[in-house]
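The next block holds one structure in the form of structure tokens; read it before the comments.
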Amino acid sequence: MNEYFKKKKWEIIIFLVGFIILYISSYLLIGGPKTIEGPISIFIAFCLVQFLKYRQFKKDRKKH
């Protein structure tokens with residue numbers, strides 16, 4: 001798992017920084033997100049995609 005995180009480190013960091021910036025800007029511009037489910041859904045979807053990518057990464061590592 002550490003190998004996967006080293007490979008995808010920048011992708012995860014960029015997502016988290018962008019997510020935080022957009023969340024803060026939504027409070028500054030419109031007083032917060034319209035629903036709480038929006039940001040939570042985006043975060044859960046990102047985690048799900050990373051989980052699926054990790055499973056594929058594991059399968060590829062076993063083949064080699």
Side-chain angles (χ1 to χ4, degrees):
M1 187 169 237
N2 287 337
E3 215 174 300
Y4 176 76
F5 282 129
K6 285 179 184 177
K7 185 178 178 183
K8 298 290 185 175
K9 174 176 59 174
W10 287 110
E11 182 179 336
I12 294 170
I13 289 172
I14 289 170
F15 170 77
L16 291 175
V17 169
F19 185 79
I20 291 168
I21 289 171
L22 291 173
Y23 194 76
I24 291 171
S25 70
S26 74
Y27 272 101
L28 295 174
L29 296 174
I30 60 173
K34 292 294 182 188
T35 63
I36 193 64
E37 291 87 9
I40 291 173
S41 300
I42 291 170
F43 184 74
I44 290 173
F46 178 77
C47 292
L48 179 64
V49 167
Q50 289 303 315
F51 173 72
L52 295 174
K53 286 182 178 181
Y54 174 69
R55 285 182 57 200
Q56 186 62 40
F57 178 78
K58 245 176 33 176
K59 287 179 186 177
D60 291 342
R61 293 290 291 161
K62 286 182 181 180
K63 288 181 184 177
H64 295 289

Parallel, tilted or perpendicular: rings of F19 and Y23 (30°, 60°): parallel

Side chain to side chain contact (heavy atoms under 4.5 Å, CB included) assessment of Q50 paired with Y4: CA-CA 10 Å; Q50 289 303 315; Y4 176 76; 2.7 Å; yes

Atom pair OH/CZ of Y54 and F57 - distance to nearest 0.5 Å: 8.0 Å

Hydrophobic cluster identity match, F5 and L16, side-chain contacts under 4.5 Å: yes

Residues forming a ring pair (Phe, Tyr, Trp, His ring centres under 6.0 Å) with F43, sequence neighbours excluded: none

Note, I42 side chain near P39 side chain (heavy atom, < 4.5 Å): no

Separation between CD1 of I21 and CG of L28, rounded to the nearest 0.5 Å: 11.5 Å

With D60, the side-chain hydrogen bond (donor to acceptor under 3.5 Å, both in side chains) member among K62, K58, Q56: Q56

Residue list, salt bridge (Lys or Arg N to Asp or Glu O under 4.0 Å) with K8, at least two apart or on another chain: E11

Remaining members of hydrophobic cluster (4.5 Å side-chain criterion), V49: none

